[in-house]
Enquirer: 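Quick one: the structure is below, questions incoming.
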Amino acid sequence: MEKHLSELNKDQLEAVKYNSGPSIIIAGPGSGKTRVLTNKLAYLIDSGVNPFNILALTFTNKSAKEMKNRVKEMLQSSISYNTWMGTFHSVFYKILRIECERINYEPNFTIYDSNDSKNIIKRIIKDLGLNKDFYKPNFVSYKISSLKNNLITWQKYNANPELKLEDESAGRHNFIEIYKRYQKKCFQNQAMDFDDLLLNTYILLKDFPEILFKYQNKFKHILVDEYQDTNYAQYKIINKLAEIHENICVVGDDSQSIYSFRGANIHNILNFKKDYPNHKMFKLEQNYRSTKKILNTANTLIENNKNKIEKKIWTNNKEGEDITINQSESDFEEGYFVAKKIKQLNFNLNEYAILYRMHHQSRSIEESLRRENIPYRIYGGISFYERKEIKDILAYFKLTINNHDEESLFRIINFPSRLIGKTTIQKIAIKAEEQNSTIWDLLKDMSSNKKIELKLNSQKQTSLIKFYEMINFFSIQAKNKQATEVASQILEHSGLLREYKKDITPEGKIRLKNIEELINGIKEMSSMSGEEFYLSDFISEISLMTNQDSDDYEEKVTLMTIHASKGLEFKNVFVVGLEEGLLPADKSQNNTDIEEERRLFYVAITRAIENLTLSYARFRNKWGERTNSEPSRFVYEINQNKNNANIIDEKYKKYKKIAALELQPKEKKISRFKSTIEAIENYKAGDLVKHNKFGIGKILENNDEKCIVDFKNFGKKTLLLRFAKLKLLK
DNA sequence: ACCTCAAACATTTTT
DNA sequence: TGTTTGAGGT
């Protein structure tokens with residue numbers, strides 16, 4: 001044990017050993033954060049803490065898995081397997097499966113991904129006959145999601161005139177109705193979306209003291225990784241859980257906060273300090289990953305952010321190579337440049353990553369990699385579980401496990417074709433709505449010969465009843481028989497396998513292969529679990545899986561978004577598409593957004609160990625059209641300070657210092673983004689503020705949660721600061 | 001009920 | 001550009 005601890009530097013060691021009270025570790029990129037966390041876990045267990053009493057929350061399933069393995073290795077036993085380690089969502093899912101009966105859910109409830117939610121919302125908007133211009137499904141689902149991430153239920157929203165006013169004045173009077181119906185639908189379907197996993201956990205802990213007490217006592221030590229990316233709901237839940245023991249350690253880096261679009265709140269770090277005045281803070285500033293030049297570049301860039309905790313990342317590593325900045329004529333040429341440089345550097349392909357802002361940017365890169373015969377793997381995009389054929393099968397599985405899951409029912413009731421078309425489904429859906437019942441219950445009534453007034457011909461009736469009886473049969477099987485057996489039964493009986501075997505095109509064969517792979521996956525999980533393994537276990541196992549969790553050991557270049565690259569490192573990193581409108585993205589216009597985009601670039605740069613290549617194109621195909629683009633302001637920023645960078649003009653293949661690139665008209669644009677977004681505590685009574693809807697007003701009181709403002713034209717309003725984007729006027 | 005084709009539409013980032 | 005929706009025909 002001590003042997004491992006001695007591999008730590010002084011700062012790391014201190015952070016590892018401090019376990020008696022709240023602590024916050026600010027860990028810069030490459031500062032050995034994972035090492036500190038794993039050591040801390042091992043140290044805790046080694047010093048007698050029961051692994052059962054530890055909760056460790058990580059950002060991805062992958063890092064949870066990695067941590068488990070490392071701790072296991074250090075302790076040379078699998079004792080740490082009793083520790084609850086995983087993402088917020090997966091740990092809360094686990095809690096909900098145990099406790100959900102208190103809030104009237106069955107333990108077999110389904111998890112809806114964002115696609116499922118959007119489908120439901122689309123249907124609701126259609127049912128209500130609302131104008132699609134005012135109620136865009138994307139917007140509505142985003143809005144519902146952020147309300148939930150701020151623990152605002154539809155009832156709470158409904159009771160808050162200020163919150164409603166914003167939507168009403170924008171002409172969305174029916175938003176509340178959509179929100180309400182959506183929640184009702186999810187409940188009827190015995191389903192929760194991603195946000196419900198947080199919201200319902202919170203409700204459970206808030207409304208049932210004995211449950212809160214149970215978990216407060218279970219989790220005597222709490223570790224939270226990537227704390228800068230937690231949202232309000234997550235923050236509140238951890239806060240509640242840690243109330244008694246206060247043995248909570250959060251690790252994060254405000255400079256790497258890149259998920260505010262998902263409700264992540266940089267203020268959580270500030271809140272932490274306030275909630276635990278006796279906390280201890282550790283800063284890990286030594287970087288073990290990158291060369292001096294790479295780190296200098298990163299530091300120069302992040303200097304431009306005002307909103308940050310002061311720290312200076314440094315390294316003892318060697319000076320390293322210059323940063324290369326490539327300028328290409330087009331996105332196509334950019335891809336070609338990257339492919340060529342990969343060949344030229346000639347490393348193991350696993351040591352390359354190509355990072356970009358948006359998924360669709362991968363296309364031009366892929367094209368040139370294929371042309372040059374460079375194998376690659378893409379993270380993101382369509383994952384295995386998002387393929388049509390897999391979703392079809394999973395829909396059968398899910399409906400088998402949870403008969404109320406209407407999303408799955410809709411997907412498969414007529415696949416393979418049972419001559420149950422749109423109109424028939426529509427009729428049943430309306431009938432169910434009328435009787436305040438569900439489609440499943442309606443089908444059940446039909447099969448038990450109850451009289452239902454539905455104008456359907458007998459052929460359709462039998463078809464529906466047959467479908468009901470088939471699923472019902474599967475459900476009974478699934479209760480007693482093992483997953484592998486039930487799965488193959490479903491494939492046979494449903495006619496799915498026959499349907500897919502009909503397709504003899506190459507794509508069809510790939511689909512069949514994928515299905516095979518899924519079945520193998522079930523077998524594998526089943527044999528790994530050792531004991532009984534039911535279909536419901538399989539579904540709960542994969543519900544929160546993402547495409548990044550799959551293993552792939554072949555030698556390939558990695559392509560992914562910058563977001564997905566967080567926490568990883570590569571010897572050679574390419575960051576492509578460094579253009580205005582891409583990084584920073586088009587939609588980020590205010591200063592807060594720009595700062596987040598800058599942090600995003602910061603994350604990208606700091607993934608590199610030895611070689612960093614940045615690239616932008618002068619023309620890019622944007623929805624089929626050739627559009628002209630300008631280099632990102634960030635490219636200019638990294639040159640503010642040091643001459644670390646070389647620019648290559650792809651056309652003339654000439655190398656020159658980037659300083660030679662005139663710092664042209666950009667200046668104007670940059671100054672426009674100077675504005676005042678402040679930390680919550682900076683809003684003081686007496687300050688003048690401006691609100692989008694209410695205009696100018698004076699703050700009367702600010703108690704962090706709520707802020708009372710007296711508006712000139714609207715009078716006194718109570719606003720939630722984390723919602724209302726108030727601008728300080730000075 | 002289903003197939004076909006043309007027009008409209010959409011573009012952050014993820015659990 | 002690639003995908004989804006709606007109209008119209010079978």
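What you see is a predicted model; the values in this text were computed from it and never measured. Protein chains get the first letters and strands the later ones, always in sequence-line order, with residue 1 at the start of each.
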Enquirer: If you look at every strand shown and take non-hydrogen atoms under 4.0 Å, does A:Asn621 touch a base, only sugar-phosphate, or nothing?
Expert: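 The answer is nothing, as A:Asn621 stays clear of every strand by at least 4.0 Å.
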Enquirer: Using a cut-off of 4.0 Å on non-hydrogen atoms, how would the nucleic acid contact of A:Lys622 be classed: base, sugar-phosphate, or nothing?
Expert: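 No contact.
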Enquirer: Starting at the 5' end of DNA chain B, which residue's closest nucleotide do you reach first, A:Lys136 or A:Leu600?
Expert: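 Closer to the 5' end of DNA chain B: A:Lys136.
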Enquirer: At 4.0 Å (heavy atoms only), tell me whether A:Ser114 reaches a base, stays on the sugar-phosphate, or touches nothing.
Expert: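 It contacts base atoms.
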Enquirer: Regarding A:Tyr182 and A:Ser117, do their side chains bring together a donor and an acceptor under 3.5 Å, going by distance alone?
Expert: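 On atom types as modelled, these side chains qualify, holding a pair under 3.5 Å.
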Enquirer: Using a strict cut-off of less than 4.0 Å between a Lys/Arg side-chain nitrogen and an Asp/Glu carboxylate oxygen, indicate whether A:Asp193 and A:Lys148 qualify as a salt bridge.
Expert: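 Judged by the 4.0 Å cut-off on N to carboxylate O distance, A:Asp193 and A:Lys148 do form a salt bridge.
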Enquirer: If the cut-off is 4.0 Å, is A:Asn414 near the phosphate of B:dC2, judged by side-chain N/O to OP1 or OP2?
Expert: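 Checking B:dC2 against A:Asn414, a side-chain N or O does come within under 4.0 Å of OP1 or OP2.
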Enquirer: Over all strands shown, is A:Tyr259 touching base, sugar-phosphate only, or nothing at heavy-atom distances under 4.0 angstrom?
Expert: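 The answer is sugar-phosphate, as A:Tyr259 gets under 4.0 Å only of primed atoms, P, OP1 or OP2.
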Enquirer: Could you check whether A:Asp331 pairs with A:Arg363 (Lys NZ or Arg NE/NH1/NH2 to Asp/Glu carboxylate O, under 4.0 Å)?
Expert: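 No, A:Asp331 and A:Arg363 are not salt-bridged.
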Enquirer: Taking the minimum atom-to-atom distance to the side chain of A:His89, which one of B:dC2, B:dT14, B:dT15 wins?
Expert: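 From the listed options, B:dT15 comes nearest.
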Enquirer: What is the nucleic acid contact for A:Lys566, judged by heavy atoms within less than 4.0 Å: base, sugar-phosphate only, or nothing?
Expert: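 The answer is nothing, as A:Lys566 stays clear of every strand by at least 4.0 Å.
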Enquirer: Which nucleotide wins on minimum distance to the side chain of A:His360, given the candidates B:dT13, B:dT15, B:dT11?
Expert: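 When the side chain of A:His360 is considered, B:dT11 is the closest of B:dT13, B:dT15, B:dT11.
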Enquirer: Under 4.0 Å: is that the gap between some side-chain N or O of A:Asn231 and OP1 or OP2 of B:dT15?
Expert: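 It does not, given that no N or O in the side chain of A:Asn231 lies less than 4.0 Å from OP1 or OP2 of B:dT15.
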